[in-house]
Protein chains: 2
Amino acid sequence: MAASRRPTLADVAREVGVSAKTVSRVLNEDGPASAQTREQVLAAVARLGFQPNLMARNIRVGGPDTTVGLVIPDLGNPFFGAVASSIEDTVRDRGLTLLMGSSADDPERERALTATFLARRVSVLMVVPSVGADHSHLKPHRSGGLPVVFLDRPGTGLATDSVVSTNRSGAHDGVAHLIAHGHRRIGFIGDLPTKLYTRRERLAGYREALREAGLPDDRSLVTNAHDQHGASAATAQLLALPDPPTALFAGNNIVALGIVTELARSHRKDVAVVAFDDVALADALEPALTVVAQDPEEIGRTAATAALSRLDGDRSRARTLTVPTRLIVRGSGERPAP
Amino acid sequence: MAASRRPTLADVAREVGVSAKTVSRVLNEDGPASAQTREQVLAAVARLGFQPNLMARNIRVGGPDTTVGLVIPDLGNPFFGAVASSIEDTVRDRGLTLLMGSSADDPERERALTATFLARRVSVLMVVPSVGADHSHLKPHRSGGLPVVFLDRPGTGLATDSVVSTNRSGAHDGVAHLIAHGHRRIGFIGDLPTKLYTRRERLAGYREALREAGLPDDRSLVTNAHDQHGASAATAQLLALPDPPTALFAGNNIVALGIVTELARSHRKDVAVVAFDDVALADALEPALTVVAQDPEEIGRTAATAALSRLDGDRSRARTLTVPTRLIVRGSGERPAP
DNA sequence: TTGTACGCGTTATCAG
DNA sequence: CTGATAACGCGTACAA
């Protein structure tokens with residue numbers, strides 16, 4: 001039961017009585033081979049359970065490995081799960097395998113992950129940049145031909161493709177929707193840290209909408225949370241203000257969970273809510289949750305497609321690809337202001 | 001702007017004027033090296049942006065690659081996302097990187113993925129087995145020392161570790177809970193295909209609970225769905241029966257979404273519901289959703305820990321590790337029968 | 001149709 | 001302390 005070495009080309013060759021190269025030829029359908037040897041080789045391959053060593057092959061061929069390195073903040077977040085799923089669907093047709101890791105939005109972990117991926121010579125690098133991360137160290141790789149694509153947020157210090165949602169206009173539309181229903185005091189609960197790109201953009205959209213409507217930008221109505229519980233607490237806090245908001249805008253899906261949960265707990269049915277990013281069960285709530293839906297599938301597909309076209313030699317300048325959001329009216333955002 | 005070759009050990013060596021091996025020594029803190037050369041080498045490494053080629057290293061060392069191959073049915077399903085996240089957290093400490101792919105529950109895709117992983121000489125293979133897949137082909141690898149762990153469901157044709165939830169007793173408890181609240185006609189909406197392990201186990205738990213209570217096992221109350229929409233349709237269908245159920249048991253998280261959504265759409269507040277597997281926003285529903293919660297983090301951690309201990313030479317016989325479920329009472333399961 | 005020589009980038013071995 | 005040489009498993013180039 002000793003852990004015997006995995007069989008190699010040479011083992012198969014010896015077994016059949018041919019050269020290693022002949023075996024290689026048969027397996028890769030490369031050069032010609034007599035039906036006779038082909039059969040013998042295939043038989044031996046099956047008998048020994050030989051499987052070519054992909055790493056050895058790649059090192060020889062010299063090209064990049066058939067993998068896609070993907071860094072996301074949190075594998076457990078449904079949004080990123082959906083994005084990853086879509087990426088995989090897209091690159092699978094090219095025979096690429098996903099190499100994944102989560103950064104927890106920590107620049108150091110992100111850097112460690114990308115380093116691992118680069119050491120593995122991934123064909124493509126796709127990253128959701130962590131706050132505070134600098135990407136200028138990817139420059140030589142990028143100009144060396146490695147496609148690098150930023151997801152959800154733009155990177156820093158590197159001109160390359162990125163794919164983002166229409167954060168600003170989406171948030172604007174969501175908030176304008178609340179204003180159209182008579183709300184004048186609208187709370188904003190956003191991501192943490194506040195420097196986060198999506199947070200900034202969505203907040204900007206929120207402010208734009210307020211400004212357009214001639215509403216004051218009351219700082220006390222803008223707050224943050226970095227998880228569901230925090231969002232619940234922030235909700236309670238906003239509603240306890242002397243002059244509380246009559247509507248809330250959620251800066252992301254996790255915040256939305258917290259807001260909705262807190263409103264349900266405190267039986268506050270009078271507060272209007274619009275959330276950025278859709279969540280499961282949104283339409284089973286009472287009232288159903290109105291959202292500015294992102295399109296994670298499209299984000300993933302767009303990013304993967306861009307990366308593959310770079311892989312195919314597209315040398316045009318770096319683009320920022322924008323995936324539209326869509327306001328889905330379900331009820332919570334249409335509650336009239338008192 | 002030519003895609004210049006990535007620098008190699010030899011390049012660094014030439015730059016400094018030493019041999020490749022010396023550079024290797026410095027980087028791996030292997031043999032001794034004078035402070036002088038060490039510094040020069042490190043400087044050259046930084047200057048050239050050299051990164052050792054992990055594939056080349058592995059091919060030389062011969063051992064398995066520092067990767068974990070993970071096959072799950074669907075990256076977008078929050079349950080599997082949470083499991084994957086937990087696995088990653090656990091193996092990261094060992095310097096292992098996640099190699100992931102989704103099988104869509106298709107045996108052929110599963111097989112293709114595992115083949116890729118094996119060709120990459122993963123250190124560990126973790127698989128959520130697809131329905132109908134046979135795993136006897138993994139036997140030689142497993143006896144060759146490769147840790148193989150099945151997740152969520154046991155595999156077929158291979159004696160190895162697997163990690164599953166207490167599906168049967170969990171479902172039993174959930175259904176018994178409904179019975180305790182007076183329900184005598186309880187609908188079951190399960191996974192598809194019906195051969196799926198989790199589906200069978202949970203259905204068995206459902207039947208056990210009925211039997212214990214002396215209730216008939218009415219086949220017309222047992223149905224299936226393979227996505228959220230299907231579950232909604234199945235819900236409507238069950239409730240349209242001449243003698244409809246007064247309570248529903250959801251066989252998984254996706255089915256739960258469908259049931260809850262359909263009940264909300266049709267304003268049926270009188271139907272009790274218990275779901276297997278927790279879902280986001282469960283406690284924001286009205287009534288909040290009572291669930292038999294799985295523990296995806298623990299499942300992932302348990303599986304990863306088992307795999308790592310095998311990697312460390314644990315040769316004890318294959319175990320089936322069971323992760324307990326927990327009934328979380330929130331409201332929907334406590335509605336009394338009419 | 002098949003084999004030989006060599007190289008990919010790295011590390012092990014053993015000599016200096 | 002350092003270097004030359006071989007080797008890992010495979011593919012390319014060319015010859016037989």
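Only a predicted model underlies this, so the values are computations on that prediction, with no experimental measurement involved. Throughout, protein chains are lettered first and strands after them, A, B, ... in sequence-line order, and every chain is numbered starting at 1.
Rounded to a whole Å, the CD atom of A:Gln40 is 15 Å from the P atom of C:dT1. Rounded to a whole Å, the CD atom of B:Glu29 is 16 Å from the C1' atom of C:dT11.
The environment of CZ in A:Arg109 is crowded: more than 12 heavy-atom neighbours from other residues, nucleotides or ligands sit within 6.0 Å.
Checking the phosphate oxygens (OP1, OP2) of C:dT1, no side-chain nitrogen or oxygen of A:Ser34 falls inside 4.0 Å. Within the 4.0 Å cut-off from OP1 or OP2 of D:dC1, not a single side-chain nitrogen or oxygen of B:Thr22 is found.
Taking the side-chain hydrogen bond (donor to acceptor under 3.5 Å, both in side chains) definition, one finds that B:Glu110 meets it with B:Ser130, B:His135, sequence neighbours left out.
When only modelled atom types and interatomic distance are considered, B:Thr305 and B:Thr302 share no side-chain donor-acceptor pair under 3.5 Å. Side-chain atoms of B:Thr90 and B:Arg301 include no donor-acceptor pair closer than 3.5 Å. A donor-acceptor pair shorter than 3.5 Å can be found between the side chains of A:Thr66 and B:Arg120.
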_One character per nucleotide, please: for nucleotides 7-16 of chain D, 5' to 3', B when the base has a protein heavy atom closer than 4.0 Å, S when only the sugar-phosphate does, - otherwise._
BBBBBB----
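Within the structure, salt bridge (Lys or Arg N to Asp or Glu O under 4.0 Å) contacts touching residues 40-59 of chain A (residues at least two apart or in different chains) are A:Glu15-A:Arg47.
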